[in-house]
Amino acid sequence: MSPRCKKLPRSFYERDTLIVAEDILGKYIIYQTNDSKLSARIVEVEAYIGKGDPACHAHKGMTKRNEVMFGKAGHAYIYFIYGMYHCLNFVTEREGFPAAVLLRAAEPVEGLEVMRNVMTDKADRKLLAGPGLFCKVFGLSREQNGLDLTKKTIYLEDRFDKNVELAKSARIGISEGKELEWRFYDKNSPSISRK
DNA sequence: TGAATGATGCGCT
DNA sequence: GCGCATCATTCAT
């Protein structure tokens with residue numbers, strides 16, 4: 001009998017970013033703090049790959065802000081944007097090659113009470129429907145930037161959920177690189193950030 | 001249901 | 001200064 005949950009190892013992230021992005025749909029993200037355990041089913045992501053990708057933060061080389069992207073796979077890259085939001089990424093590929101998968105949306109699973117306290121007046125299925133919302137509701141900020149995803153605080157789990165209907169589109173909110181269909185989502189999810 | 005807009009602060013030129 | 005991997009609100013259709 002196979003286990004119902006399996007923490008994803010570093011080798012999961014040390015692959016081609018487009019493969020990781022597709023494979024990550026239907027996986028579960030866990031955030032364990034002192035007070036609570038939050039978890040959610042991932043339903044929408046985008047890939048940002050290397051210096052040749054004009055939309056990638058590492059396009060113009062390494063800076064203080066994006067240095068985590070250049071590091072070893074399986075770490076959290078969290079950045080601050082638009083003066084009020086944070087976005088969470090999973091670093092992929094080999095050390096020295098800057099690439100990551102942006103988490104755009106998820107379906108809440110555990111810790112609903114905590115999440116509802118952050119965003120009152122929002123339907124449960126929309127609590128994590130957007131990259132900025134996800135970090136706000138999960139309580140993630142630059143303090144968690146660089147965390148190792150193979151440790152106990154933040155990690156991904158395979159719960160052998162195969163109910164994903166893969167769809168692709170252009171990435172959202174970028175000005176260059178729009179021709180690439182590097183956004184992946186579960187077509188059947190009610191928690192997608194946009195059509 | 002979609003387009004336009006303001007909020008708000010940081011990193012980089 | 002300018003631009004930004006966003007979101008909620010407002011106004012138009």
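Lettering follows sequence order; numbering is per chain, from 1.
- The distance from atom CD of A:Glu67 to atom P of B:dG11 is 12 Å, rounded to the nearest whole Å.
- Rounded to a whole Å, the OH atom of A:Tyr85 is 16 Å from the P atom of B:dC10.
- Across all strands, A:Arg171 comes closer than 4.0 Å to no nucleic acid atom at all (heavy-atom distances).
- Following rounding to the nearest Å, A:Lys64 (NZ) and B:dC10 (P) show an atom-to-atom distance of 16 Å.
- Between A:Glu46 and A:Arg104, at least one side-chain N (NZ, or NE/NH1/NH2) sits under 4.0 Å from a carboxylate O, which counts as a salt bridge.
- Note: NZ (A:Lys195) to C1' (B:dA3) measures 19 Å, nearest angstrom.
- Note that CG of A:Asn145 is 13.5 Å distant from CZ of A:Phe80, once rounded to the nearest 0.5 Å.
- Between A:Asp148 and A:Arg10 there is a salt bridge, since at least one side-chain N of the basic residue sits less than 4.0 Å from a carboxylate O of the acidic one.
- Under 4.0 Å is where a charged nitrogen must lie from a carboxylate oxygen, and between A:Arg116 and A:Asp121 no such pair does.
- Heavy-atom distances to DNA chain B give each of A:Arg142 and A:Met84 a nearest nucleotide, and the one nearer the 5′ end belongs to A:Met84.
- Atom C1' of nucleotide B:dG11 and atom CD1 of A:Ile81 are separated by 10 Å, given to the nearest angstrom.
- Remark: P of B:dG9 and OH of A:Tyr79 are 18 Å apart, rounded to the nearest angstrom.
- Applying the 4.0 Å criterion to OP1 and OP2 of B:dC12, one finds that A:Thr63 has a side-chain N or O inside that range.
- Residue A:Gly83 is classed as a base contact, given a heavy-atom separation below 4.0 Å to a base.
- As judged by a 4.0 angstrom heavy-atom cut-off over every strand, A:Leu102 is placed among the base-contacting residues.
- Residues A:His57 and A:Tyr79 place their aromatic rings such that the two centres sit under 6.0 Å apart.
- Residue contacts shown for A:Lys178 are absent, as no nucleic acid heavy atom lies under 4.0 Å away.
- Rounding to the nearest 0.5 Å places CZ of A:Phe12 at 10.5 Å from CD1 of A:Ile19.
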Checklist entry - Which dot-bracket notation, 5' to 3', represents the base pairing of DNA chain B when pairs are defined as Watson-Crick or G-U with both distances under 3.5 Å, crossing pairs as [ ], and inter-strand pairs as |? => result |||||||.||||.

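- For the pair A:Arg171 and A:Tyr48, the cation sits on the ring face: its NZ or CZ lies under 6.0 Å from the ring centre, inside 45° of the axis.
- With A:Glu44 as reference, A:Arg183 is the one residue of A:Arg194, A:Lys195, A:Arg183 to meet the salt bridge (charged side-chain N to carboxylate O under 4.0 Å, His left out) rule.
- Extent of DNA chain C lying under 4.0 Å from chain A heavy atoms, first and last nucleotide in 5' to 3' order, is C:dC4 to C:dA8.
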Atom pairs and distances, side-chain donor-acceptor, residues 157-166 of chain A, under 3.5 Å, sequence neighbours left out:
| from | atom 1 | to | atom 2 | distance (Å) |
| --- | --- | --- | --- | --- |
| A:Glu157 | OE1 | A:Arg159 | NE | 2.7 |
| A:Glu157 | OE1 | A:Arg159 | NH2 | 3.1 |
| A:Asp158 | OD1 | A:Phe160 | N | 2.8 |
| A:Arg159 | NH2 | A:Glu110 | OE1 | 3.2 |
| A:Asp161 | OD1 | A:Asn163 | N | 3.0 |
| A:Asp161 | OD2 | A:Tyr28 | OH | 2.9 |
| A:Asp161 | OD2 | A:Arg41 | NE | 2.6 |
| A:Glu165 | OE1 | A:Asn188 | ND2 | 3.1 |

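- With values rounded to the nearest 0.5 angstrom, A:Leu103 atom CG is found 8.5 Å from A:Asn89 atom CG.
- The distance from atom CE of A:Met62 to atom C1' of B:dG11 is 16 Å, rounded to the nearest whole Å.
- Residue whose closest nucleotide on DNA chain C sits further toward the 5' end, between A:Ser175 and A:Ser193: A:Ser175.
- Taking atom NE2 on A:His57 and atom P on B:dT13, their separation rounds to 13 Å, with Å as the unit.
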